[in-house]
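Numbers restart at 1 for each chain; the letters A, B, ... are given by sequence-line order, proteins then strands. As the structure is a computational prediction, the values presented were derived from the model and not from experiment.
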4 protein chains.
Amino acid sequence: MADKRIPVQRRSIERKQKILSSGFKLFCEHGYYKTNTIEIAKHAGVSTGAVYSYFKDKREIYIAAFDSYLEEISGRLFEELEQSQTLPLPDFVENWVTVYLELYAASGHALAQLRMMILEDEEINRHFSDLENEYFMKLIRLLNKNGVERADLMERIYTCCILIDALRQEQSSFSHIGLNFLIFKEQVTSTILQLLSG
Amino acid sequence: MADKRIPVQRRSIERKQKILSSGFKLFCEHGYYKTNTIEIAKHAGVSTGAVYSYFKDKREIYIAAFDSYLEEISGRLFEELEQSQTLPLPDFVENWVTVYLELYAASGHALAQLRMMILEDEEINRHFSDLENEYFMKLIRLLNKNGVERADLMERIYTCCILIDALRQEQSSFSHIGLNFLIFKEQVTSTILQLLSG
Amino acid sequence: MADKRIPVQRRSIERKQKILSSGFKLFCEHGYYKTNTIEIAKHAGVSTGAVYSYFKDKREIYIAAFDSYLEEISGRLFEELEQSQTLPLPDFVENWVTVYLELYAASGHALAQLRMMILEDEEINRHFSDLENEYFMKLIRLLNKNGVERADLMERIYTCCILIDALRQEQSSFSHIGLNFLIFKEQVTSTILQLLSG
Amino acid sequence: MADKRIPVQRRSIERKQKILSSGFKLFCEHGYYKTNTIEIAKHAGVSTGAVYSYFKDKREIYIAAFDSYLEEISGRLFEELEQSQTLPLPDFVENWVTVYLELYAASGHALAQLRMMILEDEEINRHFSDLENEYFMKLIRLLNKNGVERADLMERIYTCCILIDALRQEQSSFSHIGLNFLIFKEQVTSTILQLLSG
DNA sequence: TATGAATGAGAGTTCATTCAT
DNA sequence: AATGAATGAACTCTCATTCAT
C-alpha cells in the first residue's frame, strides 16, 4: 500500500545503511532463518518499526543487504581487473585470483547462505540470477579485451569462477583437514590458465 | 513371545527408514526450515509422537536423513568406481563423472542445503566434515590403485570433486542461462583428466 | 496447506464449541477488532495453538461463531413458527414478534456487529448474505401456507423483519430515551399486520 | 502581526475541516479499524503531527468527523423539511423520503459503521445518543406544526426513521437479491403515511 | 507402546502516538 | 508551529515438542 519512505536526509540514509549492514552481518553469521527482525533492529540501534519503514519485509532486507554487498565487492573487483586487463594472461589470472580472495575474504558464509536462499525462494532466485549473469558478462568482455576469444568461453569462465570460489571458501570458512591452501591455490591458478589459454 | 520381537523390531526399522526417506525428500524439496515435523510424520505415515521416539529432535532427523542418503549413494558410487579402477585413466574419469551425475541426480537441492546447514549448525558441521573426509580418503586410495600418486593429490581430488558437483548442480537445479551443459561437461572431464595425469 | 482437524472425539467437539461460544461472547461484547485470539483462547480455556488447530484464522472463528449462533436461533424460530402457521394471521404475527424477541433477546450486540462486519469484509458478506436470503425464503414459504400471497411479498417481509429487529434492539441494548417499549411493540405488530393483510 | 492571525486561523480551520472530511471519507470506505491516521493525514495533505494538534486521538477524529457530517446533512434535511412543513401530509412524507435518500446517499456505510462504533465505545455512544435524540425532537416539532399530534408520536417517528434508513441502506450498499427497490420504497412511504395519519 | 491434540514461546508485522528537529 | 521519522506494544499466526490417553 504505502510506498516505502525514500530517505532524503543523511540520517535516514545512514540508518538504512546500518540496517543493511546489521542484517548482512547477522544473516551471514546465523543464517536467514535464525536471524529475526528484532535482532536486526537492535543491532542497528533502531526500533522494529523503523526497519519496516525502510523495508517491506524481512526478505527485502535480505535481498537489499546482499545486493548492496555484492554490488560493492564486485564493483571493486572489476575496477582492479580493468586496470590489469592488458597484462599478459598469466599475470592477469594471478591478479584475478589474488584480488578475488582479498575482496571476498570477508564474505564468510555470505555466498553459501545466498546460494541456499536462491534455492528456497523464487523471488530471491530471480533477483540474483540476473546479477550473476551480469557478472559473467562483464568477465567475458574483460577477457575478450585481453585477447581470449572462444566459442565455449562462457562455460570456461563459469568453471574458473567455481574454482576461485572454492578457493575462497577454503580460505575463509570451510577448511578441510589435510588440505594445503597454497598448493590448492597454485593448482587453481594453473587450471584457470589452461582453461583460458589451452 | 520371543518370536514376536523380531517382527516388531523389523517394523520399527522400516518405520525409522520411512521417516528418514520422507524427511530427506521434504528437506530437499522445501528446505530444512520450511519442512515441519508434522509433515514428515504424515508423509511417513506415522504419528508425530513416533517421530520423536526415533529421533531426539528435528535436527537429528535431518542429520540421520542426509547421513543415510549419502552413505547409500557414496556406497554405490564406490562400488561402481572399484569395478572400473583398473581402466585407463581417461575411461575411469569418464565413468566417474557419468556415475556421479546419475547417482546424485536425485539430490536436487539436497547438497546445497546441507552445505548451508553445515555453516549454520556446529553439530551438523562436525558430523558431515568427518563424512566428507572419509569420502576424499576413499577416492585417494582408489586413485592410488589406479596408479595416480602425487604429493598434492588431496588438493587435486578436491578440485575434481568441486567441478563434478558444479556439473551436477548445473544439471539438476541451477542451470545458468547461456551455459551449454554438454560443453561444460566436456570441459570438466578434460580438466579433471589433466589434474590427475598432468 | 494442512486441512483442519475434524473433531471426532467428544472432547474435541466440546473444545471447538467452547472456542465458538467464547468467540461469540467476546465478539458481541467488544467487537471483532477489540477481541484478540489470545483472549478467545484464554476464555475458552485452551491455548492459542488449539484455536488455530480448529480454525484457519480469526475471521473463520467469527464466521463459524455467528453462523452457528444464527443457525441455532433461526432454527428454533422456525420450529415455533411452523407450529403456529395455521393460526389466524393476527395471532401468527403476535406469536412471531413474541418468539423473535424471546429468542434474539440474548443476541445483544451480535446482529449489529455482524451487520458492520458484512460491510467491511467481502467473504463475511458473501457467507451471511446467502444465509439471510434463505431466512427470507423460509418466511415467504411459511406465510404462503398461511394464505398470504402477493407479488410484492418479499419487500413486505423485508420491511417486517426490519421492524421486528428494531424492536429487538430497543429491547436489549439500544433503548432510546422517551421511547415506550410497549407502545413501540404495539405499533410494530399492527404495522406488520397491515403490511401482510392490507 | 495582528492582521496575520486571521489568515492563520482561517488556514487552521480549513485544515481541520480537510482532516475531518478525509477522515469521514476513509472511515466510510474502509471502516474505523482499517483506516489509519497516516492515511488520513496523507489524504488531507497534512502531517501526522498536525492531525494530533487538532485532535486528541483517532477516536476524536472519528467522533468529530461523523458529528460534523451529521450536523451538516441533518441541517440540510431540516431546512428542506421546514419549507415543506405546510404541505399536505402525503406530500410532506413523499418529500421527506426523497430528500433523505438524496442527502444521505453519500453516507454509504457510514451510518452502519457508526451504529457499530456506538456499541463498542461508551464515549461515542454518549455523544451520538444525544445527537439522535435532538434529531427526533426536531422531527416531532416539525410534525406537530403539520398538525400531527399523538401521545405515541415519538414511537411512530422512530419507526418511520428505521424504515427510511432501511430504504437508504438498500439503495446504497446493502441491496438484497430479489428485492425491488421501487416497490420497497412505495411500501415504506405508505407505511409511514399510515403511521402518522392512521 | 503409540498417538496426535495441545502447548506456548516466538516469529513477522502494523500503527497510534510522540517528539527531536 | 509544523513535521514525519521513530517508537514499541500489541497483534495474528506457526510449529517443535510434550504427554495424557
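When the P atom of E/dA5 is taken as reference, atom CD1 of C/I13 falls 12 Å away, rounded to whole Å. Rounded to whole Å, the distance from CD on C/E39 to C1' on F/dC11 is 12 Å. One can place CZ of A/R11 at 12 Å from C1' of F/dG4, the figure rounded to the nearest angstrom. As rounded to whole Å, 10 Å separates atom P of E/dT17 from atom CD of D/E60. Here the C1' atom of nucleotide E/dA6 and the NZ atom of C/K42 are 17 Å apart, to the nearest Å. If you take CD1 of A/I40 and P of F/dT7, they are 15 Å apart, rounded to a whole angstrom. Across the protein-nucleic acid pair, A/Y62 atom OH and E/dA11 atom P stand 19 Å apart, rounded to whole Å. C/D57 has its CG atom 9 Å from the P atom of F/dT14, to the nearest Å.
Residues from residues 28-37 of chain A placing a heavy atom under 4.0 Å of any atom in DNA chain F do not occur.
Paired runs in DNA chain F that reach 3 or more consecutive Watson-Crick or G-U pairs, where each pair keeps both distances under 3.5 Å, cover E:2-21 with F:2-21.
Residues passing the salt bridge (charged side-chain N to carboxylate O under 4.0 Å, His left out) test with C/R126, sequence neighbours excluded: none. A/E39 pairs by the salt bridge (charged side-chain N to carboxylate O under 4.0 Å, His left out) definition with nothing, not counting sequence neighbours. Evaluation of the side-chain contact (heavy atoms from CB on, under 4.5 Å) rule for B/E29 yields B/K25, B/L26 as partners, not counting sequence neighbours. The side-chain contact (heavy atoms from CB on, under 4.5 Å) search around D/S68 returns D/Q17, D/L20, not counting sequence neighbours. The salt bridge (charged side-chain N to carboxylate O under 4.0 Å, His left out) test applied to D/E71 returns no partner, not counting sequence neighbours. Under the salt bridge (charged side-chain N to carboxylate O under 4.0 Å, His left out) criterion, C/E14 pairs with C/R10, not counting sequence neighbours.
A/V46 comes within 4.0 angstrom of the backbone, heavy atoms only, and of no base.
Here C/Y52 does not reach the OP1 or OP2 of F/dT14: none of its side-chain N or O atoms lies under 4.0 Å away. Proximity of C/R15 to the phosphate of E/dA6: a side-chain N or O atom is located under 4.0 Å from OP1 or OP2.
Donor-acceptor pairing under 3.5 Å, judged by distance alone, is absent between the side chain of D/T48 and the base of E/dA16.
Nearest-nucleotide positions on DNA chain E place C/G49 closer to the 5' end than the other of C/G49 and D/I38. Residues C/G45 and B/Y54 each lie close to DNA chain E; by heavy-atom proximity, the contact nearer the 5' end of the strand is made by B/Y54.
Ring planes of A/Y62 and A/F27: perpendicular class, angle over 60° (limits at 30 and 60°).
The side chain of A/K58 lies closest to E/dG12, out of E/dG12, E/dT18, E/dG8.
Sorted by first and then second residue, the side-chain hydrogen bond (donor to acceptor under 3.5 Å, both in side chains) pairs involving residues 48-57 of chain D (not counting sequence neighbours) are D/S12-D/Y54.
Cation-pi geometry between A/K16 and A/F55 is satisfied (NZ or CZ under 6.0 Å from the ring centre, within 45° of the ring normal).
Once rounded to the nearest 0.5 Å, the distance linking CE of B/M116 with OH of B/Y32 reads 9.5 Å.
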